[in-house]
Participant: 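Mind looking over this structure? Questions follow.
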Number of protein chains: 2
Amino acid sequence: MGRRSTAASGSATADAVFKALADAGRRRLLDRLRVKSGRTLNELCEGMRMSRQAVTKHLVQLEEADLVVSRRMGRKKLHYLNPVPIHDIARRWIRPFESGRLAALRELKDQLEG
Amino acid sequence: MGRRSTAASGSATADAVFKALADAGRRRLLDRLRVKSGRTLNELCEGMRMSRQAVTKHLVQLEEADLVVSRRMGRKKLHYLNPVPIHDIARRWIRPFESGRLAALRELKDQLEG
DNA sequence: TTGACAGGCAACTAAATAGTTGCCTATACT
DNA sequence: AGTATAGGCAACTATTTAGTTGCCTGTCAA
C-alpha cells in the first residue's frame, strides 16, 4: 500500500529525501560520494562504526530517496551520487524560506523583545 | 546522555532540523508560518487532520529544531518562524551538493550509460 | 576447481515516532 | 462567581527504524 513510485528515474518524495538526510551516518556517506563518486559497498563501510548490513540498509534508504544510484560491475556494486533530489528540495523547501529570511528575523526579533 | 544543547538560542543540530522537515505535516505548519507568523496553537490546528495534541507534539519537534520559536501571551501561545536553521543546513548540506551538481550529473550519466 | 572476496537475504530485538484519549490548569469574558 | 476558551500533561498503543547475527550466492583469481 502507498508504494512510493520506486524513485528509480523520477524525483523522490520530499519525505524520503529529508528522512534520508536526517541521519549523520547517511549524510557522511553522501559527503564521501560527493568527494569521489562510484564507490563500492565495502569502501563505503570503511570508518562507519556499524556492520556492513547496516550500511547496506542506509544505502537502500539513500537509493529510495534517489540520492544515490547504483550499478553492478561483476561482483562489485558501485554507488554514485545523484544531486537532483537535493536540488529539488532546495527549490521547494529551502529557498522560499531564505527569501523571507530577513523579514522573518525582524518580525521574530520584534515579537521576542516587544 | 547526549543532550542536544536544547537549541533555545543557538542553532539546532542538523539531525533535528532534517528530522523536523521529514514530515509533510510539519512542513505544512512551517509553510503556514512563513505566510503569516505569530499564530496560536488552535489556528495552526485548523486543517490538520489530527488531534490538537498531535499538532502540539509536531510543534515541539519544530521548536527543538529551533525552526519555530514560541511565546506565551495570556492564555495564548504564539508561534513564530525562525529561518536560521534552514539557512544553516542550506550552507552546509545543500549548497555544497549544488556546486558539484553538473559535474556529478555528467559523471553519473557516463557511468550509467557507459 | 577451490578458495577468497563482494555482496544479498531473513529473522530478530530495542528504541524511537506518531498518534490517540482523558483529564487538569490557567486565563478571559459576562 | 461561573463558564467558556487555550493550552498542558500523562498514559497508552501501533508502527517504523536502526541495528544485530547467521547464512547463502555469485564472481574472480591461482
Side-chain angles (χ1 to χ4, degrees), chain A residues 1-4 6 8 12-30 32-33 38-65 67-80 111, chain B residues 1-4 6-7 12-30 32-33 38-65 67-80 111:
Chain A
M1 308 227 72
R3 266 255 123 314
R4 287 289 181 294
T6 15
T13 66
D15 263 37
V17 177
F18 280 122
K19 220 173 271 183
L21 289 170
D23 177 278
R26 287 191 289 268
R27 289 198 302 275
R28 204 146 92 74
L29 290 171
L30 288 180
R32 291 165 69 192
L33 288 180
R39 295 188 195 250
T40 67
L41 171 57
N42 272 316
E43 275 182 80
L44 288 170
C45 281
E46 284 168 23
M48 303 263 107
R49 304 230 296 167
M50 62 185 78
S51 69
R52 177 171 51 87
Q53 294 310 317
V55 175
T56 295
K57 289 193 183 179
H58 284 302
L59 287 170
V60 166
Q61 280 188 255
L62 291 170
E63 292 197 41
E64 280 173 355
L67 287 161
V68 164
V69 173
S70 66
R71 175 199 190 194
R72 297 297 306 258
M73 266 289 271
R75 63 179 163 178
K76 301 192 172 181
K77 187 179 185 187
L78 304 178
H79 298 81
Y80 299 91
Q111 290 298 336
Chain B
M1 304 269 304
R3 264 256 132 302
R4 287 291 181 293
T6 15
T13 66
D15 264 36
V17 177
F18 280 121
K19 221 174 269 182
L21 290 170
D23 178 277
R26 287 192 288 270
R27 289 197 301 275
R28 204 146 92 75
L29 291 170
L30 288 180
R32 292 165 68 192
L33 288 179
R39 294 190 195 248
T40 67
L41 171 58
N42 272 315
E43 273 182 83
L44 289 170
C45 282
E46 285 168 22
M48 302 262 105
R49 304 230 296 166
M50 63 184 78
S51 69
R52 177 171 50 84
Q53 294 309 318
V55 176
T56 296
K57 289 192 184 180
H58 284 302
L59 287 170
V60 166
Q61 279 187 254
L62 290 169
E63 291 198 41
E64 281 172 355
L67 286 161
V68 164
V69 173
S70 68
R71 177 197 187 194
R72 295 298 306 257
M73 267 290 271
R75 64 178 163 178
K76 300 192 172 178
K77 187 178 185 188
L78 305 178
H79 298 81
Y80 299 91
Q111 290 298 334

Participant: Can you tell me if A/M50 has over 12 outside heavy atoms packed within less than 6.0 Å of its CE?
Facilitator: yes

Participant: Treating A/R71 as the side-chain partner and A/Y80 as the backbone partner, does any N or O pair qualify as donor plus acceptor under 3.5 Å?
Facilitator: no

Participant: Find the distance B/R71:CZ to D/dA6:C1' and express it as a whole number of Å.
Facilitator: 17 Å

Participant: For nucleotides 9-16 of chain D, tabulate all protein N/O to nucleotide N/O atom pairs closer than 3.5 Å, reporting atom names and distance.
Facilitator:
| unit_1 | atom_1 | unit_2 | atom_2 | d |
| --- | --- | --- | --- | --- |
| D/dC9 | N4 | B/Q53 | OE1 | 2.5 |
| D/dC9 | N4 | B/Q53 | NE2 | 2.7 |

Participant: Need one value for B/R26: base, sugar-phosphate or nothing, where a base atom within 4.0 Å counts as base even if backbone is also close, heavy atoms only.
Facilitator: sugar-phosphate

Participant: Nearest whole Å is fine: how far is D/dA18 C1' from A/M48 CE?
Facilitator: 14 Å

Participant: Rounded off to whole Å, could you give me the CZ-to-C1' distance for the B/R39 and D/dG7 pair?
Facilitator: 18 Å

Participant: Strictly under 4.0 angstrom, non-hydrogen atoms only: write out the protein contact profile of nucleotides 25-30 of chain C, one letter per nucleotide from the 5' end, B, S or -.
Facilitator: --BS--

Participant: Keeping B/R32 on the side-chain end and B/L44 on the backbone end, is there a donor-acceptor pair under 3.5 Å?
Facilitator: yes

Participant: To the nearest Å, how far apart are A/E64 CD and D/dA18 P?
Facilitator: 11 Å

Participant: Using whole Å, what does the distance between atom P of nucleotide D/dT5 and atom CD of B/E46 come to?
Facilitator: 14 Å

Participant: From CG of B/D23 over to P of C/dA16, roughly how many Å is that when rounded to an integer?
Facilitator: 19 Å

Participant: Taking only N and O in the side chain of A/H58, is any of them less than 4.0 Å away from OP1 or OP2 of D/dT17?
Facilitator: no

Participant: Between CG of B/L62 and CG of B/L30, what distance do you get to the nearest 0.5 Å?
Facilitator: 5.0 Å

Participant: Quick one, A/K76 with A/N42, criterion side-chain contact (heavy atoms from CB on, under 4.5 Å). Give me CA distance, side-chain angles, the key distance, then yes/no.
Facilitator: CA-CA 9 Å; A/K76 301 192 172 181; A/N42 272 316; over 6 Å; no

Participant: Counting only side-chain heavy atoms from C-beta out, which of D/dG19, D/dG7, C/dG19 sits nearest to B/T40?
Facilitator: D/dG7

Participant: Among A/H79, A/R39, A/E63, which residue meets the side-chain hydrogen bond (donor to acceptor under 3.5 Å, both in side chains) test with A/S70?
Facilitator: A/E63

Participant: If I take atom CD from residue A/E46 and atom CG from residue A/L41, how far apart are they, to the nearest 0.5 angstrom?
Facilitator: 10.5 Å

Participant: D/dG7, C/dG19, D/dG8: which one has an atom nearest the side-chain heavy atoms of B/T56?
Facilitator: D/dG8

Participant: Step by step, work out the side-chain contact (heavy atoms from CB on, under 4.5 Å) result for A/L78 and A/T40.
Facilitator: CA-CA 5 Å; A/L78 304 178; A/T40 67; 3.6 Å; yes

Participant: Determine yes or no for a side-chain-to-main-chain donor-acceptor pair under 3.5 angstrom, with B/R26 supplying the side chain and B/K19 the backbone.
Facilitator: yes

Participant: Please determine if a side-chain N or O atom of A/N42 lies less than 4.0 Å away from the OP1 or OP2 oxygen of C/dG7.
Facilitator: yes

Participant: A/L78 or B/Q61: which one's nearest nucleotide on DNA chain C is closer to the 5' end?
Facilitator: A/L78

